[in-house]
Structure formats: structure tokens, C-alpha cells
Amino acid sequence: MPSNEPQGGPVRHLLVTGYRAHELGIYDSKHPGIPWIKKALANRLIPLVEEGLEWVITPGQYGVDLWAGEVVLELKQQYPHLKLGIITAHAGPEEKWKEEKQEEYRRVTASADYYGAVSNRPYEGSWQFRARDDLLFRKTEGILLFYDDEAAGGSPKYTKERAEKLRETRDYAVYIMRSEEVQSLADDAQWDT
């Protein structure tokens, strides 16, 4: 993995996001791909934690955001200094989700070191997501984004474009995790059994 560390030193506050579950064809928490996505996230996060990462911050949407939160909560057992922040665009983002997803969301957010919403009102418009993204990019020195250029764009496409523009104007690390990493972990495990 090529170093993409900002010139100012290690990334201390990292935005972690990517595809929503439905963009990956995942519709329930028992999907066999979720553990491999979480393992790939852990593999990417551990070296950053060992280099000084203190906070992982996610938007908390159902998919990579929430799975990254679960990974951070697991990593805290080995790295107690690591903290999880979840910053949503609006109040109650989980209210229209299925009960199983709501329970998972509430479990992760209850264990987060910081949980807040940019707007304390329910969903009113896309301005809430823009305001959230502005804050997330302002408060972090880098991003770990699960995104594939070859796949359909999906929601991470715009996040990637914004992160790359930000990298041009300030010292901002951009780490891209691709589905090949996840597939490779699953394939290697299959050979080990």
C-alpha cells in the first residue's frame, strides 16, 4: 500500500466511509460478505492506528460506515486510545430502517465516543448532507474510502471526487479500499480451509 500520509505527519482523524449496504447488494446483517469487508477495514486501519491514528469518524449510514464503526469498537480492545465518532446529517437517520438495522445502528452509536448530528432536525433536504460532509472533511486529515472505479459510481463517487480536490488544495490523505481486497481475503480463507 503506497504511503499517502500527509506531509504534516500521521493522520490523527480519519474519515471512513464508502458504499451503502444496498449499493453492494447487501440487504441483511447476515450477508456473508460483511465479515470480509470488516476484515479488510481492520487491515487498513491497524497500520494507521499504530502510526498515530486517534479518531475514526463516520457519517453512520448503513453499510461501510456502520461496519467501520463496529471494527473500531473491536479494535479498541487492543488499542484503547482509539476513538469512534459518528456524525450524521440529520436527527434520526435510522427511523425508517428495518428494526434489525435500527438495533445495529443504536448499538454502535451508543458505544461511540462521540455521536452527533449536524442538524438536530429530521431530514429536510440535501443541504444537511452537504453540511455534514463539509464538517467531516474539515475535521479530518484523511479518508479511507471503500470505492471501485470500475463499479457503478454510487454514493462514494462524489466523496472520492471531493477528497481528491481537497488533496490538491491541502495536505489530505486519500486511501482507497477496493472490492479486490475484500475478495482476496475471502479467497485466501477458502484456500486455508
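Computation of the quantities below employed the complete heavy-atom set of this structure, encompassing side-chain atoms and omitting hydrogens, waters and symmetry-equivalent molecules.
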- Item | NZ/K76: more than 12 non-hydrogen atoms of other groups inside 6.0 Å | yes
- Message: Would you say that more than 12 heavy atoms from the other residues, nucleotides or ligands in this model lie under 6.0 Å from the CZ of R106, or not?
- Response: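 Atom CZ in R106 is packed in, count exceeds 12.
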Mark yes or no for whether [X], through its side chain, and [Y], through its backbone, hold a donor-acceptor pair below 3.5 Å.
X    : Y    : result
E164 : E161 : no
R12  : W55  : no
K83  : E54  : no
T169 : L166 : yes
D113 : L84  : yes
Y62  : E104 : no

- Task: Walk me through it: do E180 and D148 pass the test side-chain contact (heavy atoms from CB on, under 4.5 Å)?
- Result: CA-CA 9 Å; E180 290 85 28; D148 276 307; 3.7 Å; yes
- Message: Can a side-chain donor-acceptor contact be found between Y79 and E50 if the only test is distance below 3.5 angstrom?
- Response: yes
Are [Y] and [X] connected in a single hydrophobic cluster, I mean Ile/Leu/Val/Met/Phe/Trp/Tyr linked by side-chain heavy atoms less than 4.5 Å apart?
X    : Y    : value
Y147 : F129 : no
W97  : V108 : yes
L66  : L73  : yes
V49  : Y114 : yes
Y172 : Y158 : no

Return the minimal non-hydrogen interatomic distance between [X] and [Y], and the atom names on each side.
X    : Y    : result
A117 : N120 : O-OD1, 3.9 Å
W127 : S119 : CH2-OG, 3.9 Å
I176 : E181 : O-OE2, 3.7 Å
V11  : A173 : CG2-CB, 3.9 Å
P35  : P32  : CD-O, 3.4 Å
E23  : P156 : OE1-CD, 3.9 Å

- Applying the side chain to side chain donor-acceptor pair (under 3.5 Å) test to S29, which of K98, K101, E103, E100 qualifies? E100
- Item | Where at least one partner belongs to residues 59-71, residue pairs that pass salt bridge (charged side-chain N to carboxylate O under 4.0 Å, His left out), sequence neighbours excluded |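 For residues 59-71: R20-D65, K38-E70, E70-R107.
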Quick one: [atom1] on [X] to [atom2] on [Y], what's the gap to the nearest 0.5 Å?
X    : Y    : atom1 : atom2 : answer
I57  : T140 : CD1   : OG1   : 6.5 Å
E99  : E94  : CD    : CD    : 10.0 Å
M177 : L45  : CE    : CG    : 9.0 Å
L41  : R44  : CG    : CZ    : 9.5 Å
T17  : F146 : OG1   : CZ    : 11.5 Å
W67  : L24  : CH2   : CG    : 5.5 Å

- Message: Looking at K160 and D149, is any side-chain nitrogen of the basic one under 4.0 Å from a carboxylate oxygen of the acidic one?
- Response: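 Yes.
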- Show the numbers, then the answer: is there a side-chain contact (heavy atoms from CB on, under 4.5 Å) between V72 and V16? CA-CA 10 Å; V72 171; V16 180; over 6 Å; no
- Message: One pair to check against side-chain contact (heavy atoms from CB on, under 4.5 Å): T58 and I86. What are the steps and the verdict?
- Response: CA-CA 5 Å; T58 81; I86 299 173; 3.9 Å; yes
- Message: Do L53 and E141 have side chains that approach each other closer than 4.5 Å (heavy atoms only, starting at C-beta)?
- Response: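 No, their side chains stay 4.5 Å or more apart.
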- Query: Run the side-chain contact (heavy atoms from CB on, under 4.5 Å) check on R138 and L135 step by step: do they pass?
  - Reply: CA-CA 5 Å; R138 245 189 352 266; L135 179 66; 3.4 Å; yes
